[in-house]
Every structure is written in C-alpha cells, then in structure tokens.
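One structure is given below, encoded as structure tokens.
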Amino acid sequence: MARTFVSREIFPEYIEKIEEETDAEVWKDELPPPRDTLLEKVRGIDGLLCLLTDGIDGELMDAAGRQLRVISQIAVGYNNIDIPEATRRGIPVGYTPEALTQTTADATLALMLTAGRRVTESERAVRAGKWRTWHPLHYLGQDLYGATLGIIGMGRIGLEVAKRGLGFDMKILYYDIAPREDLEADYPLTFVDLDTLLRESDFVSLHTVLDESTHHLISDDAFSKMKSNAVLVNAARGPIVDPAALHRALTGGQIAAAGLDVTDPEPIPMDDPLLTLDNCVIVPHIASASVATRREMSRISATNLLNGVRGERLLTCVNPEVYDR
Ligand code: GLV
C-alpha cells in the first residue's frame with residue numbers, strides 16, 4: 001500500500017478516502033508540524049498533502065526519497081513550494097485553483113466594505129460603550145458605489161472581484177503583465193500602467209502571485225502615488241505589501257484605510273504596530289474559508305493526492321510539463 005502524509009486535518013470524508021486507499025498519517029495538531037518533524041514524517045512516503053504553511057523544498061523532497069510521486073497542496077497559491085525543484089524531479093504538484101475563486105472574491109469585497117466603511121472600528125466602539133448618539137460627522141468612510149477600483153493581477157480572482165465591483169457601479173482599472181483583451185471583450189475593464197492605477201483608484205485590490213517581481217510591489221513609492229481617500233485590500237500574499245510602508249501610509253494620511261487577509265509574517269505578531277491602527281482591518285487569512293469551498297478544496301486536494309500515488313494525472317496541476325516526459 002502506498003504511504004501518504006497529510007500535514008493537517010481536512011474534511012473527514014476525504015481523510016477517510018485517503019485512509020481507505022493508502023497507509024496514511026495525518027498531522028492532527030492545530031499548528032503546522034515543525035520543520036524537523038515534517039522532514040521525519042515524509043521519509044519514505046509516496047504522496048504528500050500539504051498546506052501553504054509547510055515549506056516544501058529540495059531538502060524535503062530529498063528527505064522523502066525518490067519514490068515521492070505527488071505533492072498535493074490545499075491552496076491556490078504555492079509560493080511555499082519549490083516548483084522548479086519538483087519539476088526537475090518529475091513530481092507533479094497539485095493545487096486547488098477554481099474551487100476558491102468566488103469565495104475569495106466575496107471576501108475581498110467584504111474587506112473593501114469593512115475597511116472602507118469602518119465596520120470593525122465602529123463595532124469595537126459600540127462594544128466599548130462609545131455609541132452615544134447619531135452624529136453627522138462620525139465614522140465617515142469611503143463609498144464603493146461609483147468609485148474607481150484598481151485591480152492588480154487580472155487572473156481568476158481579479159476578474160471575479162471586478163464583476164462584483166461592476167455590481168456596485170465601480171469603474172474598473174487593472175494592471176497585469178499584459179492586457180487581457182479576451183476579458184475586455186466581455187467586461188468594461190481598462191488596462192492601465194501601475195502608476196496610473198495607483199493614482200486614479202479609490203480602492204486598490206491585490207490579486208497577483210507572490211514572486212520576486214511582486215515582493216513589496218506596494219511600498220513607500222506606491223503609497224506616495226495613491227489617493228488620500230484610497231483603501232488598499234490584500235487577499236493575495238502578505239509580502240506583496242511592505243508592512244512598514246503600509247504603517248507609514250496609514251498613520252501619515254497617505255491612504256485612508258487597509259483591509260488585510262494576509263500579513264508578513266503570518267500570523268502577525270501581537271506587537272506589530274499595524275494592530276494598533278483603527279484604519280487597518282486584519283483577518284487571519286480566511287478568504288477561502290467558507291464551508292462549501294473548504295469542502296471542495298479538501299475533495300480536490302485528496303483526489304490529486306490519490307491520483308498522484310496511483311500514477312494518474314492530477315485534476316489540477318501546477319507543473320503539467322512533468323507529463324510531457
Ligand atoms: C490561500 O491563500 C490559497 O492560496 O489558497
């Protein structure tokens with residue numbers, strides 16, 4: 001029987017499937033296995049189901065051994081995995097792209113509304129007994145309706161955020177490595193350069209991958225171009241934003257607010273100065289966390305794992321070139 005390691009609990013019906021078909025070990029702790037433990041647990045396995053909190057590199061693939069046939073990640077992002085290294089070894093890497101697109105786009109709108117309309121700040125005030133009257137000048141925020149939404153990264157999630165923005169009568173600008181003429185044929189989206197997007201957008205929403213080209217893409221220079229009423233939303237990866245520059249922008253009035261589903265590092269340390277700011281909404285990387293979506297992500301990642309150990313093609317593979325050999 002093939003051996004597998006599952007680095008965290010997923011929906012139980014899919015754990016059962018994995019246990020029926022393989023000799024599986026499931027890491028049941030809430031927190032990720034420490035590095036040394038992970039290196040030990042993967043020794044001799046045929047398949048690994050992992051999370052974005054697990055560092056999957058050449059050292060780990062060596063520790064697993066040459067029989068390792070599949071790495072199945074339960075996430076759409078895979079910056080924690082050394083993909084070229086997996087590809088070099090002919091190991092397919094699974095991920096869960098389509099499953100979470102809509103849910104993540106919903107969460108992005110939630111952050112835009114929450115940060116823009118000061119929902120968490122004013123809710124905290126209610127609980128602290130500070131709701132003393134209706135006041136014409138209290139808790140004034142930013143409208144989504146009619147505002148300009150700048151989307152950085154017009155992929156699957158970016159497009160779904162744009163469609164939701166159109167429902168709020170927003171004007172949609174986007175920036176990516178190339179214009180998406182295929183999408184512009186169907187939706188009123190305007191491709192602009194990054195500077196134009198930053199200068200003209202009331203909401204700036206990040207939907208790019210994290211790599212060398214996007215690391216600290218939003219830094220002091222970017223904030224200096226943004227509108228003072230602008231709201232920045234990041235439901236992509238924390239390191240796309242320079243956190244010190246974000247703090248300066250939020251305290252210096254360079255932008256109005258930020259909504260973060262992701263931080264750098266994660267979890268955000270309790271002494272991080274961003275946690276002291278009322279105009280910074282921070283939630284713990286929950287953009288794909290709906291019941292239905294996490295169930296579907298469990299199904300896809302379990303299927304990818306089992307297909308991989310059987311030597312069958314994965315449903316969704318980051319590096320399908322491994323099949324060309
Ligand atoms: C979550 O961040 C994911 O990449 O799925």
Side-chain angles (χ1 to χ4, degrees), residues 6-11 14 27 30-33 48-57 70-83 86 92-112 114 151-161 164 176 205-218 232-241 243 258-268 281-305 308 314-319:
V6 178
S7 77
R8 225 68 47 81
E9 287 184 283
I10 60 173
F11 269 65
Y14 298 108
W27 183 256
E30 182 195 0
L31 298 181
L48 171 65
L49 194 155
C50 56
L51 275 64
L52 49 89
T53 45
D54 304 315
I56 310 297
D57 54 10
V70 60
I71 296 166
S72 173
Q73 166 118 321
I74 181 165
V76 64
Y78 45 80
N79 56 291
N80 59 306
I81 304 177
D82 187 338
I83 301 294
V93 176
Y95 69 144
T96 63
E98 314 285 349
L100 49 72
T101 303
Q102 304 294 347
T103 300
T104 303
D106 283 354
T108 302
L109 267 284
L111 283 170
M112 286 165 59
T114 305
I151 296 180
I152 300 181
M154 187 49 76
R156 283 177 292 258
I157 297 169
L159 175 62
E160 292 304 321
V161 171
R164 284 158 176 74
D176 208 322
S205 195
L206 306 177
H207 301 286
T208 67
V209 296
L210 171 63
D211 61 19
E212 277 154 31
S213 71
T214 59
H215 185 267
H216 286 193
L217 181 69
I218 305 300
L232 174 74
V233 170
N234 187 5
R237 283 292 181 267
I240 299 170
V241 178
L260 308 178
D261 181 52
V262 290
T263 58
D264 181 22
E266 284 181 19
I268 191 167
V281 174
I282 305 177
V283 295
H285 206 147
I286 57 165
S288 70
S290 77
V291 177
T293 289
R294 286 288 166 82
R295 179 178 284 121
E296 179 64 358
M297 290 167 70
S298 298
R299 183 188 73 79
I300 293 170
S301 58
T303 307
N304 280 339
L305 178 73
L314 311 192
L315 297 178
T316 41
C317 186
V318 176
N319 55 348

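Both counts, for ligands and for their atoms, begin at 1 and track the order of listing. The model shown is predicted, which means the values in this text are computed figures rather than measured ones. One-based numbering along the sequence shown.
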**Item:** Close-range residues for ligand 1, whose non-hydrogen atoms fall below the 4.0 Å threshold
**Value:**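 Around ligand 1, where the cutoff is 4.0 Å for heavy atoms, the contacting residues are Leu52, Ala75, Val76, Gly77, Leu100, Arg237, His285.
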
**Prompt:** Closest approach of Ile81 and Val93, non-hydrogen atoms and distance?
**Reply:**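 Closest heavy-atom pair between Ile81 and Val93: CD1-CG1, 3.8 Å.
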
**Request:** Specify the closest pair of heavy atoms between Leu210 and Pro239, including all atoms of both residues, with the distance to one decimal.
**Result:** CD2-CG, 3.7 Å

**Item:** Test item: Arg299 and Phe11 side chains (from C-beta on) under 4.5 Å apart, heavy atoms
**Value:**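 With C-beta onward as the side chain, the pair stays apart.
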
**Prompt:** Can you name the residues that form a side-chain hydrogen bond (donor to acceptor under 3.5 Å, both in side chains) with Thr263, not counting sequence neighbours?
**Reply:**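 None.
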
**Request:** Please determine, by modelled atom types, if Thr53 and Arg8 share a side-chain donor-acceptor pair under 3.5 angstrom.
**Result:**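 Yes, side-chain donor-acceptor contact under 3.5 Å.
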
**Prompt:** Could you walk me through whether Leu109 and Met112 pass the side chain to side chain contact (heavy atoms under 4.5 Å, CB included) check?
**Reply:** CA-CA 5 Å; Leu109 267 284; Met112 286 165 59; 4.2 Å; yes

